[in-house]
Amino acid sequence: MAAVLGAVLLGCGVQPTGVVDAGEPATGLTRGMRLYYVGDGGLRAVPLIDQRVKTLDSVVKMLLQPPPATEGGGLTTLVDIGGFSVTGQGDRVTVALEGPGGMAQHERLGTGQLVCTLARAQSVLEPGVRTDDVQVLLKPSEGAAQGPYRCSEFLDG
């Protein structure tokens with residue numbers, strides 16, 4: 001039986017081929033601005049449909065608000081910062097924080113929420129920059145800088 005199956009497969013005229021380069025990975029649904037919120041399984045990206053991002057500061061202000069009601073329950077924001085200013089150039093983003101330390105409450109998830117949202121925003125504002133390449137540095141006015149961080153460091157749940 002195996003010999004007959006092998007002969008049929010060999011005789012069908014299909015020649016073996018090497019690896020075929022198909023170009024860039026698929027995009028589409030992953031394009032556009034997303035805010036990252038915290039849910040049961042870690043960080044969750046929520047697309048911004050009706051709003052346009054103009055500055056990195058405006059993105060942080062959005063994170064300080066509760067998640068949109070249309071996304072259902074279970075999501076929250078852990079970004080807990082006072083005064084701040086955000087600058088970005090190329091694949092680098094710096095968040096200047098007023099006061100000591102960085103994120104006070106729920107530090108890891110809150111930091112990840114901020115980092116991933118700013119990485120996405122920087123890639124939207126500078127289309128030649130990939131979200132995965134953006135590095136975010138948190139610089140409090142008192143104490144040591146934190147980072148630079150990449151979003152991928154926080155997406156493990």
Side-chain angles (χ1 to χ4, degrees), residues 18-157:
V19 175
V20 177
D21 185 12
E24 293 296 315
T27 56
L29 294 178
T30 63
R31 291 187 180 255
M33 186 57 216
R34 294 170 184 262
L35 298 178
Y36 284 79
Y37 291 100
V38 178
D40 290 338
L43 296 179
R44 182 169 153 206
V46 176
L48 275 183
I49 297 172
D50 297 332
Q51 296 177 350
R52 185 170 167 87
V53 173
K54 295 180 181 174
T55 68
L56 294 173
D57 282 334
S58 67
V59 171
V60 175
K61 288 177 185 175
M62 287 183 217
L63 278 181
L64 294 172
Q65 303 301 314
T70 57
E71 291 305 317
L75 296 181
T76 189
T77 184
L78 299 178
V79 174
D80 184 20
I81 56 177
F84 64 89
S85 67
V86 187
T87 58
Q89 183 172 9
D91 63 357
R92 306 284 180 174
V93 172
T94 301
V95 182
L97 300 166
E98 291 180 14
M103 304 289 296
Q105 180 186 23
H106 308 288
E107 191 163 322
R108 178 165 164 65
L109 284 174
T111 300
Q113 188 184 352
L114 183 62
V115 167
C116 289
T117 298
L118 286 171
R120 176 61 80 148
Q122 183 66 6
S123 71
V124 169
L125 292 171
E126 292 198 30
V129 174
R130 291 184 33 205
T131 302
D132 295 338
D133 295 335
V134 175
Q135 297 181 36
V136 179
L137 181 67
L138 305 178
K139 291 180 70 174
S141 60
E142 303 171 25
Q146 299 173 8
Y149 299 112
R150 291 180 191 260
C151 181
S152 59
E153 297 175 49
F154 301 95
L155 294 179
D156 59 3

Within-4.5 Å side-chain heavy-atom neighbours: D133 and R150: yes
Side-chain touch V53/L125, heavy atoms, less than 4.5 angstrom: yes
Minimum side-chain heavy-atom gap E153-V115 below 4.5 Å: no
Straight-line distance of E142 CD to E98 CD, nearest 0.5 Å: 10.5 Å
From I81 atom CD1 to L63 atom CG, the distance as rounded to the nearest 0.5 Å: 8.5 Å
Straight-line distance of K61 NZ to F84 CZ, nearest 0.5 Å: 6.0 Å
Side chain proximity check, L118 to V95, heavy atoms < 4.5 angstrom: yes
Distance, nearest 0.5 Å, that separates CG of L48 from CZ of R34: 10.0 Å
side-chain contact (heavy atoms from CB on, under 4.5 Å) between L56 and T87, worked out: CA-CA 7 Å; L56 294 173; T87 58; over 6 Å; no
Least distance between heavy atoms, L137 atom then P148 atom: CD1-N, 3.9 Å
Student check: side-chain heavy atoms of L114 and Y149 closer than 4.5 Å: no
Spatial distance of atom OG1 (T77) from atom CD (Q113) [nearest 0.5 Å]: 3.5 Å
Straight-line distance of M62 CE to D57 CG, nearest 0.5 Å: 11.0 Å
Smallest separation among heavy atoms of A145 and P140, with atom names: CA-CD, 4.1 Å
Closest non-hydrogen atom pair, L43 against Y36: CB-CD2, 4.3 Å
Residue pairs, two or more places apart or on separate chains, that pass side-chain hydrogen bond (donor to acceptor under 3.5 Å, both in side chains) and touch residues 122-132: Q122-E126, S123-T131, R130-D132
